[in-house]
Amino acid sequence: MPAQDKSLYPRIYKVVRQVPRGRVASYGQIAEIVGAGCDARMVGYAMAATPEGSDVPWQRIVNREGKISLPGQGGEIQRMRLEAEGVTFGARNRIDMKRFGWAGSDSPEKESPAATQPSLF
DNA sequence: CTAGTGACCCAAC
DNA sequence: GGTTGGGCCACTA
């Protein structure tokens, strides 16, 4: 962890906080919303530097594959917290981005994606 | 200024 | 479906 940025963090945190409960977003998605010289990697930095006591739902941020990118025990914690929010993991610890993927603050979420599940599994 | 790194992403084989 | 390689941006030494 050679980098410890701070200037872009508040910006990224603000976007991450907009992710509704029971929904997940990808790093690239957050980076795109933040724009201004921010990419998926920077989002990863910000998440890594996010204190646990913070109100930032860093657990809702996963990679493009809908999988946990955080290695080690942190990944286990993230998965546990997501399940507690209603996010279900498919095979290989993968999340169905089709249902739980956050379309953005512009898309109105009618109901919990878990409730609209067509019982595939 | 150059080099190295990172909870990533995408195109191509 | 898989792997390979390059690109991306900000930050630190």
Side-chain angles (χ1 to χ4, degrees):
Chain A
M1 35 333 226
Q4 293 177 359
D5 180 15
K6 287 182 181 71
S7 54
L8 276 172
Y9 284 9
R11 239 174 177 174
I12 299 174
Y13 293 157
K14 194 168 186 176
V15 178
V16 175
R17 281 198 206 102
Q18 290 177 18
V19 180
R21 176 176 168 282
R23 204 64 67 96
V24 293
S26 64
Y27 297 92
Q29 184 77 48
I30 301 297
E32 194 167 326
I33 297 174
V34 174
C38 178
D39 58 342
R41 287 193 126 129
M42 278 291 98
V43 177
Y45 277 140
M47 297 299 100
T50 302
E52 289 189 18
S54 180
D55 55 330
V56 179
W58 59 270
Q59 66 247 26
R60 296 181 192 146
I61 310 301
V62 291
N63 61 13
R64 206 63 178 142
E65 294 183 5
K67 213 157 75 179
I68 304 286
S69 297
L70 214 175
Q73 196 177 37
E76 297 296 308
I77 303 238
Q78 181 175 10
R79 173 167 141 193
M80 183 175 63
R81 287 183 98 169
L82 284 173
E83 286 182 332
E85 292 190 354
V87 178
T88 60
F89 283 72
R92 284 188 177 142
N93 300 336
R94 277 211 290 212
I95 303 174
D96 193 339
M97 299 300 288
K98 206 89 174 176
R99 295 183 300 135
F100 299 103
W102 183 43
S105 54
D106 202 48
S107 190
E109 321 94 37
K110 303 180 176 194
E111 43 193 305
S112 293
T116 56
Q117 180 164 23
S119 61
L120 38 92
F121 224 125

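Remember, it's a predicted structure, so these values are computed and weren't measured experimentally. Lettering follows sequence order; numbering is per chain, from 1.
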Next on the checklist: Once side chain to side chain contact (heavy atoms under 4.5 Å, CB included) is applied, do any residues pair with A/I95, and if so which ones, sequence neighbours excluded?
Outcome noted: A/V24, A/V62, A/L82, A/V87, A/F89, A/F100
Item to check | Residues forming a salt bridge (Lys or Arg N to Asp or Glu O under 4.0 Å) with A/R64, sequence neighbours excluded | outcome: none
N/O to N/O distances under 3.5 Å, protein versus nucleotides 9-13 of chain B:
residue : atom : partner : partner atom : Å
B/dC9   : OP1  : A/R64   : N            : 3.3
B/dC9   : OP2  : A/R64   : N            : 3.0

Checklist entry - A/Q73 CD to B/dA7 C1': how many Å, rounded? => result 15 Å
Checklist entry - Roughly, in whole Å, what's the span from CG in A/L8 to P in B/dA7? => result 17 Å
Checklist entry - Going by the ring pair (Phe, Tyr, Trp, His ring centres under 6.0 Å) test, which pairs reach into residues 10-43 of chain A, not counting sequence neighbours? => result A/Y9-A/Y13
Item to check | Spacing of A/N93 atom CG relative to B/dA7 atom P, expressed in whole Å | outcome: 19 Å
Item to check | Atom-to-atom span, CZ of A/R41 to C1' of C/dA10 - whole angstrom | outcome: 11 Å
Item to check | Whole-Å distance separating the CD1 atom of A/I33 from the C1' atom of B/dC8 | outcome: 16 Å
Next on the checklist: When you measure from the side-chain N and O atoms of A/R92 to the phosphate of C/dG1, is any distance below 4.0 Å, counting only OP1 and OP2?
Outcome noted: no
Checklist entry - Among the nucleotides B/dC8, B/dA7, C/dA10, which one has an atom lying closest to any side-chain atom of A/W58? => result B/dA7
Result block: side-chain N/O donor-acceptor pairs under 3.5 angstrom for residues 71-80 of chain A, not counting sequence neighbours:
residue : atom : partner : partner atom : Å
A/Q78   : NE2  : A/Q59   : O            : 2.8
A/Q78   : NE2  : A/I61   : O            : 2.9
A/R79   : NH1  : A/N93   : OD1          : 3.0

Checklist outcome for this item: Taking B/dA7, C/dC8, B/dG6 as options, the one with an atom nearest any side-chain atom of A/D39 is C/dC8
Next on the checklist: Please list all pairs meeting ring pair (Phe, Tyr, Trp, His ring centres under 6.0 Å) that have one or both residues in residues 49-73 of chain A, counting only residues at least two apart or in different chains.
Outcome noted: none
Checklist entry - Taking CD1 from A/I77 and C1' from B/dA7, how many angstroms apart are they, rounded to a whole number? => result 14 Å
Next on the checklist: On a heavy-atom basis, which atom in A/V43 and which in A/I12 lie closest, and how many Å separate them?
Outcome noted: CA-CD1, 4.0 Å
Checklist entry - Given atom CD of A/Q78 and atom P of B/dA7, what is their separation to the nearest angstrom? => result 13 Å
Checklist outcome for this item: When rounded to whole Å, the CD1 to P distance for the pair A/I68 and B/dC8 reads 11 Å
Checklist entry - Between B/dA7, C/dA10, C/dC8, which one does the side chain of A/M42 approach most closely? => result C/dA10
Item to check | Rounded distance in Å between the C1' positions of B/dA7 and C/dA13 | outcome: 23 Å
Next on the checklist: Does A/E85, at its CD atom, have more than 12 non-hydrogen atoms belonging to other residues, nucleotides or ligands within less than 6.0 Å?
Outcome noted: yes
